[in-house]
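The structure appears below as structure tokens.
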Amino acid sequence: MVEVFKNLYVGNEADCSLARFNGMAVIHACKFPCHRAAVGYKNSLPPAHPNYLILENGNNLFLNMVDMEQELLPQYTHPIVRTALSFIHKNIGSQNILIHCNQGQSRSASLALIYLACFGFIANSTFESACVNFKKLYPLFQPGLGIAKYMHKNWTDLMNFRDSVSYTV
């Protein structure tokens with residue numbers, strides 16, 4: 001678990017139980033095991049399920065987020081990112097937040113990068129400049145091909161999410 005900004009940490013699946021034990025708010029950026037266990041399904045959910053993408057339960061935000069080779073689809077990923085940004089923004093002033101995925105290299109780190117860039121805490125003129133600056137904070141950052149394509153293609157939209165982030169989720 002690495003602190004990338006005041007009260008904002010990025011980590012892997014092993015860091016999850018430690019963070020919860022220490023009373024941190026946690027964004028679980030992984031379908032398996034976290035979203036699947038929290039929502040209670042074995043294989044897949046139908047897209048019409050109310051928690052298909054997101055389940056917020058107290059200090060925990062469970063995201064149905066996967067790393068794929070192909071670009072992540074905006075119709076699924078945009079709501080996940082917006083909700084994660086809102087969750088961070090709502091909690092960062094009052095408590096520590098861990099964003100974790102399975103390995104702590106791609107999904108969790110990408111959400112932290114988007115938050116820091118969107119709110120102007122790192123350079124954000126291009127996806128590439130944000131990556132260079134974020135790697136200084138979190139050298140383990142290695143976005144999967146799908147999320148890297150998604151961020152590169154949708155960078156301008158992502159940087160405009162700041163205006164749509166609500167203070168309550």
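Fair warning: this is a prediction, and the values are worked out from it, not measured in the lab.
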Let me confirm one number: the [atom1]-[atom2] distance from [X] to [Y], rounded to the nearest 0.5 Å.
X: Leu53; Y: Arg82; atom1: CG; atom2: CZ; value: 12.0 Å
X: Asp67; Y: Leu72; atom1: CG; atom2: CG; value: 7.0 Å
X: Cys118; Y: Trp155; atom1: SG; atom2: CH2; value: 8.5 Å
X: Ile27; Y: Cys34; atom1: CD1; atom2: SG; value: 12.5 Å
X: Tyr138; Y: Ser108; atom1: OH; atom2: OG; value: 5.5 Å

Aromatic plane relationship, Phe121 with Phe119 - under 30° parallel, 30 to 60° tilted, over 60° perpendicular: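 Phe119 and Phe121: parallel rings.
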
Closest heavy-atom pair and its distance - Glu56, Lys90: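 Heavy atoms of Glu56 and Lys90 come nearest at OE2-NZ, 2.9 Å.
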
Over all atoms of both residues, closest heavy-atom pair of Leu63 and Ala84: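 The answer is CD1-CB, 4.4 Å.
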
Is a donor from one side chain sitting under 3.5 angstrom from an acceptor on the other, for [X] and [Y]?
X: Tyr115; Y: His89; answer: yes
X: Tyr52; Y: His35; answer: no
X: Glu13; Y: Asn102; answer: yes
X: Ser86; Y: Thr83; answer: no

Asn124 side-chain N/O to Ala117 backbone N/O, donor-acceptor pair under 3.5 Å: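 Side chain of Asn124 to backbone of Ala117: a pair is present.
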
Check the hydrophobic clustering (I, L, V, M, F, W, Y; side-chain heavy atoms under 4.5 Å; chains of links allowed) and say if [X] and [Y] are grouped together.
X: Val26; Y: Val81; value: no
X: Phe141; Y: Ile147; value: yes
X: Leu85; Y: Leu98; value: no
X: Leu55; Y: Phe32; value: no
X: Phe134; Y: Val132; value: no

Evaluation steps, side chain to side chain contact (heavy atoms under 4.5 Å, CB included), between Tyr41 and His49: CA-CA 11 Å; Tyr41 62 98; His49 190 282; over 6 Å; no

Residues Phe62, His28; criterion ring-ring contact (aromatic ring centres under 6.0 Å, His included); working and verdict: CA-CA 5 Å; Phe62 299 94; His28 308 267; 4.3 Å; yes

Stepwise salt bridge (charged side-chain N to carboxylate O under 4.0 Å, His left out) check, Glu69 with Lys149: CA-CA 9 Å; Glu69 291 296 311; Lys149 285 180 181 179; over 6 Å; no

Steps toward side chain to side chain contact (heavy atoms under 4.5 Å, CB included) verdict (Asn154, Glu71): CA-CA 10 Å; Asn154 296 284; Glu71 177 186 333; 3.7 Å; yes

Tyr9/His100 aromatic ring centres below 6.0 Å: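 Between Tyr9 and His100, the centre distance exceeds or equals 6.0 Å.
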
